[in-house]
Amino acid sequence: MDFTKRLRPGVQRGEITCSIRIWQSPRVKVGNRYLSTGVGQIEVDSIEQIELSDVTPELARESGFNGVVDLLKIAKHGSGTNVYLVRFHYIEPPGSKAAKGKSKKTAARKAVNGAKQSKRIAKIVERLPEGEAKPIGRQRRFGYFLLDHHGDGRVALNCKGTAEMHDMLRNLMPKHFHMPKYLGNKGWVGVWLDLPAVHWEFVELLLREAYVRVAPKKLVAQVARVVEAD
């Protein structure tokens, strides 16, 4: 995964930690390390398929560009039309002072485990007609399960919502609520899943409402029947 020359110093300094790529299919995998020309090694933290409309000026600047137009001039690789948001971090060369300092911090940091929450989310999603919990895919997505996203040490769920959902979460469950970065202004809502007491009934409601916003009408009708059966 290479970067245009003017972005390379920012990647090495850790100032640039994401990249927009337009590919036919993902060319990198989460957790893998890649040797980048003029940069060194980077490790991929996450990859999400997004819409072109999700590429905001703020996201373009975070990727090291002046704006969306500047980014799109370089983002396309090959004949692909799928847009991916790749998040990564730079790997300091072994033996460097920075690498030694990071190793100490990493050793002292407690690992984040979201296995239980992930399984519970998957069960909820799989109860929805043709719903599937996947790391990435071309299907219409209505939510993301996030584990230690950008190294925040948290377990969270981001899903499509409404202004009413925003207000409900803020007023009734302020400790659970967060505004998803980049997607909050597009009607998405976020909930923390690592609190001592998680209201799973409400999480299920959020996922069901998010599903209804993207699913075909015939599947939405099936959701109504499932709710009635419960």
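Just so it is clear, the model here is predicted, and its values are computed rather than measured.
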**Request:** Start with the C-alpha gap between Glu51 and Val83, add the side-chain angles, then the distance that decides, and say whether side-chain contact (heavy atoms from CB on, under 4.5 Å) holds.
**Result:** CA-CA 6 Å; Glu51 301 296 335; Val83 185; over 6 Å; no
For a side-chain contact (heavy atoms from CB on, under 4.5 Å) check, start with the C-alpha distance between Met1 and Arg27, then their side-chain angles and the critical distance, and finish with the verdict. CA-CA 8 Å; Met1 197 169 116; Arg27 298 185 184 180; over 6 Å; no
* To do: May I ask whether Ile91 and Val44 are part of the same hydrophobic cluster, defined by side-chain heavy atoms of I, L, V, M, F, W, Y residues being less than 4.5 angstrom apart, directly or through others?
  => no
For Gly80 and Ile22, the nearest pair of non-hydrogen atoms, with its separation, is O-CG2, 3.4 Å
Looking at Ser25, is its backbone amide N or carbonyl O close enough to the side chain of Asn82 to form a donor-acceptor pair, meaning the two atoms are under 3.5 Å apart? no
| Quick one: does Asp2's side chain have a donor or acceptor within less than 3.5 Å of a partner on Ser36's backbone? | no
>> Here's one to test your reading of the geometry: is the NZ or CZ of Arg21 within 45 degrees of the ring axis of Phe3 and under 6.0 Å from its centre?
In response: yes
Quick check: are there more than 12 heavy atoms from other residues, nucleotides or ligands sitting under 6.0 Å from NZ of Lys76? yes
Review point. Can you list the steps and then say if Leu205 with Glu201 is a side-chain contact (heavy atoms from CB on, under 4.5 Å)?
Key: CA-CA 6 Å; Leu205 173 63; Glu201 298 84 357; over 6 Å; no
field: Arg6 side chain to Phe65 backbone, donor-acceptor under 3.5 Å
entry: no
Scanning both residues in full, the closest heavy-atom pair of Cys18 with Leu85 reads CB-CD1, 4.1 Å
Checklist entry - Looking only at atom types and distance, does a side-chain atom of Tyr34 sit under 3.5 Å from a main-chain N or O of Lys29, one as donor and one as acceptor? => result yes
Rounding to 0.5 Å, atoms SG (Cys159) and CG (Leu207) come to a distance of 5.5 Å
Looking at Glu204 and Arg127, does any basic side-chain N land under 4.0 Å from a carboxylate oxygen? yes
Check: Leu193 main-chain N/O paired with Gln117 side-chain donor or acceptor under 3.5 Å = yes
- Task: Would you confirm whether Tyr211, through its side chain, and Pro129, through its main-chain N or O, come within 3.5 Å as a donor-acceptor pair?
- Result: yes
**Message:** Around atom CD of Glu126, are there more than 12 heavy atoms from other residues, nucleotides or ligands closer than 6.0 Å?
**Reply:** yes
Here the gap from Ile74 atom CD1 to Ser63 atom OG, rounded to the nearest 0.5 Å, amounts to 11.0 Å
So, Arg120 versus Ser118: side-chain donor-acceptor pair below 3.5 Å or not? no
Tell me, with the steps shown, if Phe142 and Leu128 meet side-chain contact (heavy atoms from CB on, under 4.5 Å).
CA-CA 12 Å; Phe142 55 93; Leu128 299 169; 4.0 Å; yes
Distance col, row Lys160:NZ vs Leu206:CG, nearest 0.5 angstrom, shows 14.0 Å
Closest non-hydrogen atoms of Ile42 and Val39, given as atom of the first, atom of the second and distance, are CG2-CG1, 4.3 Å
- Message: Could you check whether any side-chain heavy atom of Val191 comes within less than 4.5 Å of a side-chain heavy atom of Met173, counting everything from C-beta outward?
- Response: no
For Glu48 and Leu146 the tightest heavy-atom approach is OE2-CD2, 4.3 Å
>> Counting C-beta onward and ignoring hydrogens, is there a side-chain heavy-atom pair between Glu43 and Asn32 closer than 4.5 Å?
In response: no
### Query
Counting distance only, does the side-chain N/O of Asp54 pair as donor-acceptor with the main-chain N or O of Ile50 below 3.5 Å?
no
Check your understanding: Is the gap between the ring centers of Trp192 and Phe177 under 6.0 Å?
Key -> no
- request: Examine Val28 and Leu35 and state if one hydrophobic cluster contains both, with Ile, Leu, Val, Met, Phe, Trp and Tyr joined whenever side-chain heavy atoms are less than 4.5 Å apart.
  value: no
Spell out, as yes or no, whether a donor-acceptor pair under 3.5 Å connects the side chain of Asn158 to the backbone of Tyr144. no
One should read off an interatomic distance between His89 NE2 and Gln41 CD, to the nearest 0.5 angstrom, of 10.0 Å
Exercise. So, Arg154 and Asp194, do they make that salt bridge, N to O below 4.0 Å?
Worked result: yes
